[in-house]
Protein chains: 2
Amino acid sequence: MSQRQTRINVVMEAIRSRIASRSYPPGTRLPSVRAQAKAMGVSVSTVVEAYERLAAEEVICARPGSGFYVCGPVAPLALSEIGPPLDREVDPLWVSRQSLEAGASLLKPGCGWLPAAWMYEAGMRRALRATARADAAVLSDYATPLGLPALRQLLARRMAAADIEARPEQLMLTESGTQAIDLICRFFLEAGDTVLVDDPCYFNFHALLRAHRVKTVSVPFTPNGPDVEAFEAALREHSPRLYITNSGIHNPTGATLSPVIAHRLLKLADNTNLVIVEDDIFADFEVSPAPRLAAFDGLSRVIHIGSFSKTISASLRCGYVAARADWIDRLADLKIATSFGGGQLASAILLAALTDSGYRKHMEGVRIRLAEARNKTIVRLDAIGITPWIIPQAGMFIWCRLPRGIDAADVARSCLREGVVLAPGNVFSQSQDASGFLRFNAAQSMDVRVFDTLARVLPA
Amino acid sequence: MSQRQTRINVVMEAIRSRIASRSYPPGTRLPSVRAQAKAMGVSVSTVVEAYERLAAEEVICARPGSGFYVCGPVAPLALSEIGPPLDREVDPLWVSRQSLEAGASLLKPGCGWLPAAWMYEAGMRRALRATARADAAVLSDYATPLGLPALRQLLARRMAAADIEARPEQLMLTESGTQAIDLICRFFLEAGDTVLVDDPCYFNFHALLRAHRVKTVSVPFTPNGPDVEAFEAALREHSPRLYITNSGIHNPTGATLSPVIAHRLLKLADNTNLVIVEDDIFADFEVSPAPRLAAFDGLSRVIHIGSFSKTISASLRCGYVAARADWIDRLADLKIATSFGGGQLASAILLAALTDSGYRKHMEGVRIRLAEARNKTIVRLDAIGITPWIIPQAGMFIWCRLPRGIDAADVARSCLREGVVLAPGNVFSQSQDASGFLRFNAAQSMDVRVFDTLARVLPA
């Protein structure tokens, strides 16, 4: 390369790196050719050539009579481009979209919710009719910052029944359980912080944490909770700010936290000032309630999240968060700033559905139906060589091991071509250690075509 | 101070500064006394004393047998502590909370929405009853990532009537107009970026931008739009990434963008790759429609936001965003990650309310009633020496000047003690240049006690 070529390259590289580091943000006018030449100790013609080449690459653009500008808008936050590149089959966002977009013609054993026919449809119809007769304020006005008081009182009573004591000012309603976790992330995290999750864990935690540009560290999950040794080591090594987990029924494994592990986690958290977010959206599926971190901890460093998207309706958006009162107060500020509080309508409909005497009976029916569906699914999977990691005591999920050597992403790809949407293990796994696993939703696996397709697709 | 004292202070200061800069994040175990002494070239007893004093201050905490740790959790994001300290009366979050928390017994001429009795109550009741008969999927299932197709089609037709052409893949439903802007901020902004707003502007823009930890620069607003010279200078000086504004009826001034200023803004934006967010939530209040930036620009660099919180119901959460299809696609990823998409129920209720033939008639009535309320309010304000900055052609807001020398925050404080919630000018003003202004909501000013109280409170 000639010396002139080298000099041109050096100038181009310097400008590219300033653009990348945002010291020249999009839209910036570059220094004049003359000023740049002087600043970099090169000739004017070198800078002219460097600018022209960068313009040809569309890194900068010329405005006649006005100079060169950094092109843009560039590099807005593309979640799909954060983190290591993943096969689409194990990309959390792609898998969410597959389930959300799948029409009624597709089978969705990999999906994370119940079929509409299993949900509380009759109760929702009654609740909508009841709300049509509500006060004008319920129909028209914004809610108060923490949300509809009557619903918060009811939720506090439900939590008290699970030994979680929360005063009214410790409870805030949100648009969804996910929005609650998102607000908590906004509250506690800065870009570059570390968050601990289970491996495997609910895959949207990965997508959400990507959106916050934080580092995720995962700890292997055992049938009784996270591996405590690994948990302790992760605390020591990474000083995470938050640990996000499901209590009650764990997604995707269906496992249940044991009291002894709950205590050990809380002790470790106390010693390291870790905040724990306990996402408890599957509570109403439980047959015999598991211990809750929030109950042991008394909402000191544990934040408790819930919603009814999995039991009453995913179409009705309403979640809640229970935490220390001073945290709730600041979370309310964040909620107002980012969504201007909320409405009363969804809360009022949910309140009507929850106080309807039919809900308890509905959930009893769902639990029985799910137990049957799990049994049936386990038998059908067994017939094609797919075995459950544990036999879950409750809930819709069965975390299953494929026959040795078979890659779940390959199976998911082949099944999708035949109209069956699966959830391959690595979409749940930060360590990408679950390529031999699939998560099945028993309620979405009642159609035998699911197993026919799997049998056809699996190598003999 | 003894030399030993000085050395202890130096060690304490060094540790404090590492905690503040997060090079010792909360939960970090401090180096052992011996290691710290060696690293800092001081005696072990100096470090022991420094650690003990920091522990007494609760900056660090001792764990017997394990050493000292940085206390925490500390310094999560407190919106109220970002930016310059403001009097509570002109703090956007405080003012939002006042309006949201005010019971029916308070008068709220400073509030940003219509009284419940002015909203589309009958239509909401009909829409709720209609939705109670909808398909099970509408009652129970998540929506597809962009939201209910039938509502998006209707919104596209409404936008086409305002000369804004949007294909279906250019429209996404959100939980609210504010959530739409929040997603856009997440998409385009990094901490430290600059955003341009009007001065004055809707005060929650300030709160929202604080939550994104970005720099806000404001441009004076004239009766025909932002001051173009100042706008151009701000682009040159600050290279902002976004400009967020209201088109149609401007909040708080009630002013309307002129076509000539719209064209000049778009030309400047083109030259500097500025993205413009046009928040158009007051569109249905207009009598003769003003130009829309999105219409001139063809949704190239303008993003268009809308919702029906101000006309149909604030209790029903549903907004929308129209933009370039590739941006919408990434915004949908962000929506899924941070709120797991959305439901269909609010969209279905809104669709039913919008397609109900009564909505057009309802809005005709609201426009007439608002014109009368504005006239009446202007006359009553005039009688106590408060004069409108301009006579708005439409909408609920009147931006008013107090008699010379009177501070709006003082007036707001005194009126609040008498049960009247006002909106003092500086809550809308980045430059804090509007201390002599108040925003009145004509619809919330129909009770003469508003003016009696003001007259009593204003200095003679």
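Lettering of chains follows the sequences in order, A, B, ..., and the numbering in each one begins at 1. Hydrogens, waters and symmetry mates play no part in the numbers below; they use all other heavy atoms, side chains included.
Using cut-offs of 30° and 60° for the angle between ring planes, the A/F340 and B/Y202 rings count as tilted.
Ranked by heavy-atom pairs shorter than 4.5 Å toward chain A, the options B/G192, B/A137, B/A314 are led by B/A314. Considering only heavy-atom pairs separated by less than 4.5 Å from chain B, the leading option among A/A132, A/A127, A/A117 is A/A132. Residue with the most contacts toward chain A among B/G342, B/A346, B/S96, B/A116: B/A116 (heavy-atom pairs, distance under 4.5 Å). When the candidates B/G177, B/P115, B/A348, B/P145 are compared by the number of heavy-atom contacts under 4.5 Å with chain A, B/P145 comes out ahead. Interface summary for chain B: among A/N271, A/L331, A/L235, A/T174, the most heavy-atom pairs under 4.5 angstrom belong to A/N271.
Taking every heavy atom of both residues into account, B/R317 and A/G343 meet most closely at CD-N, 3.3 Å. Scanning all heavy atoms of the two residues, the minimum distance from B/S315 to A/D141 falls at CB-O, 3.2 Å. Contact record, A/S140 with B/M119: OG-CB, 3.6 Å, taken as the closest heavy-atom pair. The heavy-atom pair separating A/N204 from B/A337 by the smallest distance is ND2-O, 3.2 Å. B/D329 approaches A/R97 most closely through the heavy-atom pair O-NH2, 2.9 Å. Contact between A/L139 and B/E121 at its shortest, heavy atoms only, is CD1-CG, 4.0 Å.
There is no contact between B/L274 and chain A, counting heavy-atom distances below 4.5 Å. For a residue to count as touching a neighbouring chain, one of its non-hydrogen atoms must lie under 4.5 Å from one of that chain's; by this rule A/A143 touches chain B with the backbone only. The part of A/D270 that comes within reach of chain B is its backbone (N, CA, C, O), which places non-hydrogen atoms under 4.5 angstrom from that chain. A/I349 touches chain B through its side chain: at least one heavy atom from C-beta onward sits under 4.5 Å away, while N, CA, C and O do not. The part of A/S176 that comes within reach of chain B is its side chain, from C-beta onward, which places non-hydrogen atoms under 4.5 angstrom from that chain. Contact of B/A332 with chain A is made through backbone and side chain together, with heavy-atom distances under 4.5 Å. Looking at B/K310, only its side chain comes within 4.5 Å of chain A, counting heavy atoms on both sides.
Atom OG1 in A/T131 sits 6.5 Å away from atom CG in B/L128 (nearest 0.5 Å). From B/I336, atom CD1 reaches atom OG of A/S99 across 10.0 Å, with rounding to the nearest 0.5 Å.
The backbone N or O of B/A134 sits less than 3.5 Å from a side-chain atom of A/R125, completing a donor-acceptor pair.
Counting only heavy atoms from C-beta outward, the side chains of A/R29 and B/T272 never approach each other to under 4.5 Å. A/Y142 is listed as a side-chain neighbour of B/S309, based on a closest heavy-atom distance under 4.5 Å. Side-chain atoms of A/V70 and B/N273, non-hydrogen and from C-beta on, never get closer than 4.5 Å to each other. Side-chain atoms of B/E175 and A/Q179, non-hydrogen and from C-beta on, never get closer than 4.5 Å to each other.
With salt bridges taken as basic N to acidic carboxylate O contacts below 4.0 Å, one links B/R186 and A/D182.
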